[in-house]
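Everything on this sheet refers to the single structure shown next.
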Number of protein chains: 2
Amino acid sequence: MTLSGDGEETPGLHAEPAGFAMERAGGVALWRQIAERLKADIRAGVWAQGSRLPAESALAERFGVNRHTLRRAVAELAAEGLLAARQGRGTFVESVPISYPIASRTRFSEIIGRQARSPGGRLISSSRETASPWLVEKLRLRPGESVHRLETLRVADGVPISLSTSWFSAERFPDLVSRYAETGSVTMALAAHGLEDYTRQRTDISARLAEPEEARWLKLAPGAPVLVNDIVNVDGEGVPIQVSHSRFAAERIQLTVES
Amino acid sequence: MTLSGDGEETPGLHAEPAGFAMERAGGVALWRQIAERLKADIRAGVWAQGSRLPAESALAERFGVNRHTLRRAVAELAAEGLLAARQGRGTFVESVPISYPIASRTRFSEIIGRQARSPGGRLISSSRETASPWLVEKLRLRPGESVHRLETLRVADGVPISLSTSWFSAERFPDLVSRYAETGSVTMALAAHGLEDYTRQRTDISARLAEPEEARWLKLAPGAPVLVNDIVNVDGEGVPIQVSHSRFAAERIQLTVES
DNA sequence: GATTATTTGTCCGTATGTATA
DNA sequence: ATATACATACGGACAAATAAT
């Protein structure tokens with residue numbers, strides 16, 4: 001978690017007063033805690049892509065653990081594709097978690113495309129159901145109106161990124177499901193119904209631990225954190241057209257808000 | 001966390017196929033995972049305060065674990081004061097964790113603004129140190145320049161909300177720490193150095209598990225998720241003046257971005 | 001090429017925590 | 001409460017690959 005570089009040792013919070021011993025805390029293994037801290041450092045830019053990490057022995061001393069324990073943490077991140085250890089040379093940052101900018105015009109395919117990864121989404125399931133009072137308010141529907149509900153999994157380079165549940169007015173977008181199934185794109189499915197453009201109205205962000213079913217779809221270890229994104233998209237007149245609830249694999253993503 | 005109303009049951013996702021077996025994985029003990037899920041359920045209102053939980057054997061079967069393992073999870077929540085097990089009577093919800101939906105009504109900039117400009121929280125510690133290469137780049141300093149580092153804790157109604165680490169150029173803002181100590185405000189401390197206004201340049205949001213030290217300050221169970229905010233503030237000319245790294249207790253907070 | 005220091009990889013054993021029966 | 005199996009964490013020793021001298 002140390003945000004500072006590796007040059008000097010920073011006292012106080014976050015910096016490990018050399019030899020400070022972490023504890024195996026409350027059912028969370030030490031190696032898991034260390035893996036999380038290393039991952040956070042990589043995400044925060046402490047070590048850039050391609051750069052070399054301090055030697056295992058140095059890191060182990062910094063975290064106050066045995067080298068084997070540190071190696072277990074590195075092995076975990078290596079399995080996730082974040083690090084690569086090479087005998088005799090060192091351990092290197094292989095890839096940095098994708099950054100997902102939140103702006104008024106957020107489009108998954110564009111974001112992933114920009115970062116030179118192949119986007120992909122797949123429809124897990126869909127259903128047509130009567131809008132709950134909650135949805136009636138959010139989408140400004142008439143009580144009793146029905147909605148399409150889509151469960152989708154978004155993937156980049158074969159790695160699951162997010163699991164989403166989306167709702168659309170079934171009256172306004174009757175063929176949304178089939179159009180989405182054909183194109184794999186919400187933008188194109190909406191365009192087929194004459195909607196030229198839409199924008200993000202608001203985004204609520206929270207975090208929690210993944211549920212087992214979510215962990216399975218996102219290929220996460222049970223107990224891994226997910227970033228939860230509740231969004232509302234509106235058309236040109238400001239009328240809500242999409243309500244969506246996405247769970248991102250926190251270890252593979254970072255949300256960015258530019259002001 | 002299902003965003004749909006409570007009327008219908010959602011097939012597939014989120015529903016627990018009875019007898020579904022959780023696995024011990026990723027260095028997080030089974031009992032810890034179950035404790036987190038029970039806590040989330042209590043927070044979500046599945047069981048109200050004072051109500052009785054299903055019998056241990058029933059819960060154990062639902063989670064697909066041995067009764068001892070479930071008892072270990074219940075013991076954890078009992079130690080936290082959430083549950084109380086009474087022999088012969090059952091296990092009862094003692095108290096429900098408070099949730100601060102700061103976000104549902106507050107603008108993202110205001111939340112973070114409050115956090116950065118008028119901490120209202122307390123200064124845990126401060127230090128002066130040589131800027132790491134990482135900070136040199138972020139704050140556009142000269143190598144070897146020194147920075148102020150402030151650790152602050154924000155509290156609402158006596159409940160810890162966030163833990164922040166901030167860095168400022170010590171050359172440009174020599175008296176920042178004492179001014180901050182006097183006023184309790186970053187804005188006023190900066191104004192004392194002639195800085196009229198500053199704006200948020202970017203915010204990176206990620207999530208991970210709380211570290212032991214963070215869990216202690218935020219009064220979280222080890223293994224609970226934190227929302228991590230990495231921010232950069234700039235002056236009128238776009239020169240970075242503050243880099244800050246905040247950890248929010250995810251179970252008590254939600255961030256909102258309005259577009 | 002040979003030597004040496006550094007770094008990761010693998011093996012041994014021991015103690016403790018976790019999970020089931 | 002006991003027994004068993006596996007995961008976690010530590011400590012030490014040595015092998016293998018790499019880079020610099």
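No hydrogens, no waters, no symmetry mates; every other heavy atom, side chains included, goes into these values. These numbers were taken from a predicted model, which means no experiment stands behind them. Note on naming: letters A, B, ... go to the chains in the order of the sequence lines (proteins, then strands), and numbering restarts at 1 for each one.
- Of the residues near DNA chain C, Ser57(A) and Leu70(B), the one whose nearest nucleotide (by heavy atom distance) lies more toward the 5' end is Ser57(A).
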For nucleotides 11-21 of chain D, 5' to 3', base contacts (B), sugar-phosphate-only contacts (S) and non-contacts (-) with protein non-hydrogen atoms under 4.0 Å give BBB--BBSS--
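- Under 4.0 Å is where a charged nitrogen must lie from a carboxylate oxygen, and between Glu211(B) and Arg247(B) no such pair does.
- When the C1' atom of dT20(C) is taken as reference, atom CZ of Phe63(B) falls 18 Å away, rounded to whole Å.
- The CG atom of Leu82(A) lies 5.0 Å from the OG atom of Ser95(A); values are rounded to the nearest 0.5 Å.
- Atom C1' of nucleotide dT7(C) and atom CG of Leu53(A) are separated by 13 Å, given to the nearest angstrom.
- Atom CZ of Arg67(A) is separated from atom CG of Leu59(A) by 11.5 Å, given to the nearest 0.5 angstrom.
- For Thr91(A) and dT8(C), the shortest distance from a side-chain N or O to OP1 or OP2 is below 4.0 Å.
- Between the CZ atom of Arg71(B) and the C1' atom of dA1(D) there is a distance of 13 Å, given to the nearest Å.
- Rounded to an integer number of Å, the gap from Phe92(A) CZ to dT6(C) C1' is 12 Å.
- Remark: Arg71(B) pairs with Glu56(B) by the side-chain hydrogen bond (donor to acceptor under 3.5 Å, both in side chains) rule, at least two apart or across chains.
- Summarising the geometry, the separation between CG on Leu30(B) and P on dA21(C) is reported as 12 Å, rounded to the nearest angstrom.
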Requested in this report: Test side-chain contact (heavy atoms from CB on, under 4.5 Å) on Phe248(A) and Arg154(A) and set out the steps.
Outcome: CA-CA 9 Å; Phe248(A) 290 87; Arg154(A) 293 193 279 211; 4.2 Å; yes
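- As rounded to whole Å, 13 Å separates atom C1' of dT20(C) from atom CD1 of Ile34(B).
- As a whole-Å value, the separation of Leu83(A) CG from dT8(C) P is 11 Å.
- The CG atom of Leu227(B) sits 12.0 Å away from atom CZ of Arg208(A), with the distance rounded to the nearest 0.5 Å.
- Here the CG-CD1 distance, from Asp230(A) to Ile205(A), works out to 10.0 Å after rounding to the nearest 0.5 Å.
- Side-chain proximity of Ala85(A) to dT7(C), dA9(D), dT8(C): nearest is dT8(C).
- Nucleotide dA7(D) holds its P atom 14 Å from the CD atom of Glu76(A), rounded to whole Å.
- Within the 4.0 Å cut-off from OP1 or OP2 of dA9(D), not a single side-chain nitrogen or oxygen of Thr69(A) is found.
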